[in-house]
Number of protein chains: 2
Amino acid sequence: MVPTGRVTIRDVAKAAGVSVSTISKVMNNRDGISEATQHRVREVIDELGYVSSVSARSLRVHRTGVIGVLISDFEPYATEVLKGIAQECHGSPVELMAWSGGTVQDGSARGWEQRLIARLAGTVLDAAILVAPSMTSVPFDRFAMVAIDPHEGPGFIPSIRADDAGGARLAVDHLVGLGHRRIAFLGGRADLASARAREQGFREAMAGHGLVVDEALVVRGDYSLEGATGPAHELLSAADPATAIFAANDLSALRVIEVARELGIGVPGQVSVVGFDDIPESLRSVPSLTTVAQPMIEIGRRAASVLFQLMAREDVPETDVQLPTRLVVRDSTAAPRRD
Amino acid sequence: MVPTGRVTIRDVAKAAGVSVSTISKVMNNRDGISEATQHRVREVIDELGYVSSVSARSLRVHRTGVIGVLISDFEPYATEVLKGIAQECHGSPVELMAWSGGTVQDGSARGWEQRLIARLAGTVLDAAILVAPSMTSVPFDRFAMVAIDPHEGPGFIPSIRADDAGGARLAVDHLVGLGHRRIAFLGGRADLASARAREQGFREAMAGHGLVVDEALVVRGDYSLEGATGPAHELLSAADPATAIFAANDLSALRVIEVARELGIGVPGQVSVVGFDDIPESLRSVPSLTTVAQPMIEIGRRAASVLFQLMAREDVPETDVQLPTRLVVRDSTAAPRRD
DNA sequence: AGCGGTAATGAAAACGTTATCGACATCGAT
DNA sequence: ATCGATGTCGATAACGTTTTCATTACCGCT
């Protein structure tokens with residue numbers, strides 16, 4: 001705990017009166033070191049508080065025992081999934097790291113995941129779980145990866161997702177059951193499989209009920225609060241507004257509720273709102289949000305479990321897992337006002 | 001995106017027909033490189049998808065632009081705080097990383113934070129926020145650190161915490177107001193300032209109401225679900241049980257509710273339970289948990305903000321911030337049954 | 001022609017590790 | 001005595017970067 005610089009393996013070597021290689025061998029439990037020196041070295045290590053540097057170590061050996069969760073931001077969905085991943089890692093010898101790379105904009109053409117993977121893979125990380133990545137193929141074959149809600153496109157990464165289309169149908173069924181006919185859709189990040197599937201599910205369900213979707217009432221955000229502001233305004237101040245809005249995720253739905261409040265539009269009095277995800281915040285909003293719940297914790301656990309199999313080079317039978325959703329009715333939906 | 005190994009700076013150099021140093025200079029916008037080569041190099045970089053390796057880079061230069069949140073586990077409290085930290089980092093050029101080191105047990109005498117700091121500081125990380133660390137002094141002076149709910153002891157790290165004692169008083173006042181006299185306390189990790197302050201607040205409030213605390217009804221867990229199991233059983237199957245249990249954090253309180261259910265003890269019918277924190281899970285439990293809410297998001301934001309000041313070598317006026325708590329009454333508390 | 005000055009580039013050392021391999025004892029067996 | 005094993009240990013070369021410093025080329029001067 002000397003307040004100056006870090007203590008390196010060389011310091012330990014000098015203090016113990018042996019070579020650097022010896023320290024390294026002791027640190028890594030390699031054999032070929034006598035009991036005696038081993039003991040002495042350990043004492044010095046403890047005394048000096050020496051711990052090997054990850055960067056230096058990982059630069060040399062390419063197994064680190066660390067798996068990374070790469071997310072664009074620590075937002076509620078990602079953190080819930082993270083809890084699940086952490087649960088699954090419990091007891092296993094891996095360390096868990098979550099890296100958020102969304103904010104960095106260095107003008108590169110690639111997405112944040114591409115850069116993060118390139119920077120971390122094979123050095124800091126042994127394997128990674130990507131949350132809502134816009135990349136679609138694995139860059140290295142030595143590097144195990146699993147995607148949660150992957151990009152829609154060619155290429156392939158083993159992935160875990162919710163039954164997005166089915167969930168969307170649940171939402172529409174609920175609204176139609178309440179008597180809504182004119183239903184708007186606020187979509188998510190256009191590149192994600194989930195956003196596409198939810199929109200498709202929305203359209204299918206509408207058609208199934210014999211309802212037409214007014215394309216003027218189909219707008220798209222990017223799954224974030226900020227990104228939903230514009231679309232929400234658009235929907236809420238439309239000439240012929242909808243009586244209900246189905247947002248492709250909770251964050252967007254919550255912003256719809258906020259914007260509605262700003263505009264003096266009552267929820268669910270004048271417009272019903274239903275979301276998708278069931279993040280913790282949805283329960284706390286006023287009014288609380290009716291939403292399609294997806295098992296975020298379970299999704300995280302499954303992702304980690306598949307990743308472990310991949311890392312062990314085991315055959316991964318189900319390589320595109322899809323988990324069920326369910327409708328959670330709260331206070332943001334009601335029968336439409338009779339006009 | 002060749003599926004073999006990573007592309008290094010040397011590959012780029014070879015492909016561009018220049019030296020390694022030149023590539024490095026272009027990557028870091030150093031001057032002394034002609035427009036022409038600069039352009040050509042950038043093309044090759046893009047084409048090859050080259051991104052510099054964090055480990056290698058951070059090994060050399062000791063500024064990385066990454067700040068770390070060091071937590072023992074991705075549990076609800078930590079992830080909420082993380083959201084706040086992330087909010088504060090938004091728009092700033094730093095990258096955010098959360099590293100969980102709780103599970104690693106390598107027999108060293110030091111806590112996980114000590115090891116994590118030693119491994120990451122000055123190499124991967126520019127600065128760190130420690131959540132509930134059991135360490136108490138800063139290891140390097142070159143390394144900015146802020147603690148959230150620090151260890152109780154000598155030494156000093158700038159810290160952010162909730163008004164723990166005050167919050168505990170709110171809890172006791174609420175229970176006493178409902179008519180409870182025999183109140184048990186389930187404490188937290190004994191080394192943490194928060195756990196100590198909450199216990200002290202509990203005792204003071206009890207005394208303030210002229211109530212004696214039965215030491216048989218004061219037990220301690222470690223803030224985790226698992227760690228609360230034993231103490232919960234102890235409390236719930238005591239010879240002369242309490243009519244209300246105040247747990248030092250929500251996780252413990254939630255486990256008390258679970259154990260009560262297992263034992264067929266009704267909450268709040270036979271025993272009232274109040275927690276501390278107001279994590280998202282408390283709202284979802286059955287019955288929902290009455291708890292002392294602390295502003296976790298705000299705590300995260302403040303921690304990040306103080307850390308930024310520290311990193312900028314600014315004077316940090318308040319260096320031990322304390323934020324207010326408030327009582328949230330839900331369904332796990334009620335008046336005691338008349339005997 | 002010779003000079004200094006500037007601009008562009010490259011060679012090489014360093015960062016803190018680990019792995020390979022060779023050096024040196026020691027020792028039992030021939 | 002000599003030999004080969006065996007057991008400990010240390011030099012050294014990587015790993016992929018950045019930085020310092022030297023080198024080269026070119027230019028405009030006298």
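Just the heavy atoms: all of them, side chains too, but no hydrogens, waters or symmetry mates, feed the values below. Naming: A, B, ... by sequence-line order, numbering from 1 per chain.
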Which nucleotide in [options] has an atom nearest any side-chain atom of [X]:
| X | options | value |
| --- | --- | --- |
| R60(B) | dG10(C), dA13(C), dC15(D) | dA13(C) |
| R30(B) | dT19(D), dT17(C), dT17(D) | dT19(D) |
| K25(B) | dG10(C), dT18(D), dT8(D) | dG10(C) |
| I33(A) | dT17(C), dC9(D), dG16(D) | dC9(D) |
| V61(A) | dC9(D), dT17(C), dT18(C) | dT18(C) |
| L59(A) | dG10(C), dC9(D), dC15(D) | dC15(D) |

Across the strands shown, which category fits [X] at heavy-atom distances under 4.0 angstrom: base, sugar-phosphate, nothing?
| X | result |
| --- | --- |
| T22(B) | sugar-phosphate |
| V18(B) | sugar-phosphate |
| S55(B) | nothing |
| S21(A) | base |

Query raised in the report: Does S53(B) place a side-chain N or O at less than 4.0 Å from the phosphate oxygens OP1/OP2 of dG16(D)?
Result: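 For dG16(D), neither OP1 nor OP2 has a side-chain N or O of S53(B) closer than 4.0 Å.
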**Report entry** Distance test, side-chain N/O of S24(B) to OP1/OP2 of dT18(D), below 4.0 Å
**Finding:**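 S24(B) to dT18(D) OP1/OP2: side-chain N or O found under 4.0 Å.
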Requested in this report: Between D31(B) and A56(A), name the one whose nearest nucleotide on DNA chain C is closer to the 5' end.
Outcome: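 Of the two residues, D31(B) wins.
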Requested in this report: For H62(A) and dT17(D), give me the distance from atom NE2 to atom C1', rounded to whole Å.
Outcome: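 Taking atom C1' of dT17(D) as the reference, NE2 of H62(A) is at 13 Å.
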